[in-house]
Every structure is written in C-alpha cells, then in structure tokens.
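I have placed the structure first, in the form of structure tokens, so that the comments after it can refer back to it.
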Amino acid sequence: MDSMRRSMIFALALSAAAFSQQVSAHAHLKSQYPAANANVEASPQALTLTFSEDIEPAFSGVEVTNAQQHAMPLSEVERAPKQHNQLIVPLAKPLSSGQYQVSWHVLSVDGHKTKGTYTFSVK
C-alpha cells in the first residue's frame, strides 16, 4: 500500500511539474505603452506591447476600440526589428479624447497562443 501511495504522489508531482513548465512557456504581456489604465496627455503615434518570449507576427494581432466599441484604424502591426518579443502597433490617425480598449492575441515562437485586453485613456 505504501509503494502504491508513493507511486501516486510521484505521478502527481511529475504531472504538476510538467503542467507548470507548459504554463510558463506561453508569451505573457509583460509591459505596454501606453500602460494599462494610463491616462495619457495626447494620442500616442503607436502602441508597444512587450511579451515574455518571442512572438510570430504573422499569427499575432491587435485591435483598438473606443468606448462605443468602434475599431480604430491601425497601420500594419509589426514585430520590433531587434526585439522579437515586442509588437509595434502604429495608429493610422491620432486618437481623440476618451477611453480605449486594446485586444491582443499572439502566437509565441514555440507554438503557444495567448490573448488579453487592457484599457487606457487619452485626455
């Protein structure tokens, strides 16, 4: 009975370790500009999203919507040339005063997908 119990505990510990390695392999949003919940003085020219690992730009995207849920026009989203864990999101035209939601999805280079949202405001 003790050997069976030890085997079960070992199997549980092994699966927990494997699961925690999988969770840490996803590209999580580390920082963003403008920052989440920020109230910026003027419209930024571009948004910058930095992730915990390198991302595949062809399978990643960003949408910016205003308080009325209208999508704001964006230029093509690109990965930063020297920092492959960073997306640059140029705005096609300046944002007016108000609150905006940024919705993002990325595919990390190891094949894991993640997504999220955050908000910021322009005075």
Connected via hydrophobic side-chain network under 4.5 Å: [X] and [Y]:
X: Val40; Y: Tyr100; value: yes
X: Val77; Y: Ile88; value: no
X: Phe120; Y: Met72; value: yes

Which residues share a side-chain hydrogen bond (donor to acceptor under 3.5 Å, both in side chains) with Gln86, sequence neighbours left out: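 By the side-chain hydrogen bond (donor to acceptor under 3.5 Å, both in side chains) rule, Gln86 matches Thr50.
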Non-neighbouring partners of Ser31 that pass side-chain hydrogen bond (donor to acceptor under 3.5 Å, both in side chains), sequence neighbours left out: none
Taking every non-hydrogen atom, the tightest pair across [X] and [Y]:
X: Ser43; Y: Leu91; answer: OG-CD1, 3.9 Å
X: Pro34; Y: Pro44; answer: CG-CG, 3.8 Å
X: Pro90; Y: Ala46; answer: CA-CB, 3.7 Å
X: His84; Y: Arg79; answer: O-CD, 3.2 Å

Residue pair Trp104 / Leu87, side-chain heavy-atom distance below 4.5 Å: no
Test side chain to side chain contact (heavy atoms under 4.5 Å, CB included) applied to Asn37 and Thr119, step by step: CA-CA 5 Å; Asn37 303 314; Thr119 60; 3.5 Å; yes
Inter-residue atom distance [X].[atom1] - [Y].[atom2], 0.5 Å rounding:
X: Leu47; Y: Gln32; atom1: CG; atom2: CD; value: 10.0 Å
X: Ser60; Y: Lys115; atom1: OG; atom2: NZ; value: 13.5 Å
X: Phe51; Y: Lys30; atom1: CZ; atom2: NZ; value: 11.5 Å
X: Leu49; Y: Ile55; atom1: CG; atom2: CD1; value: 8.0 Å

Thr48 side chain vs Tyr33 backbone, donor-acceptor pair below 3.5 Å: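 Flag not set: sc Thr48 to bb Tyr33 has no pair under 3.5 Å.
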Ser121 side chain vs Asn39 backbone, donor-acceptor pair below 3.5 Å: no
Donor-acceptor pairs under 3.5 Å, side chain of residues 61-69 to any protein atom, not counting sequence neighbours: which ones?
from: Asn66; atom 1: OD1; to: Gln68; atom 2: N; distance (Å): 3.0
from: Asn66; atom 1: OD1; to: Gln69; atom 2: N; distance (Å): 3.2
from: Asn66; atom 1: OD1; to: His70; atom 2: N; distance (Å): 2.9
from: Asn66; atom 1: ND2; to: Gln68; atom 2: OE1; distance (Å): 3.4

Within residues 33-48 or reaching into it, pairs that qualify as salt bridge (Lys or Arg N to Asp or Glu O under 4.0 Å) - sequence neighbours excluded: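 Only Glu41-Lys123 qualify under salt bridge (Lys or Arg N to Asp or Glu O under 4.0 Å).
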Listed once per pair and sorted, the salt bridge (Lys or Arg N to Asp or Glu O under 4.0 Å) pairs that draw on residues 88-102, sequence neighbours left out: none
Apart from Phe59 itself, residues in the same hydrophobic cluster as defined by side-chain heavy atoms under 4.5 Å: Leu107
Pair Glu53-Asn85, side chain to side chain contact (heavy atoms under 4.5 Å, CB included): steps then yes or no: CA-CA 5 Å; Glu53 62 183 70; Asn85 67 331; 5.7 Å; no
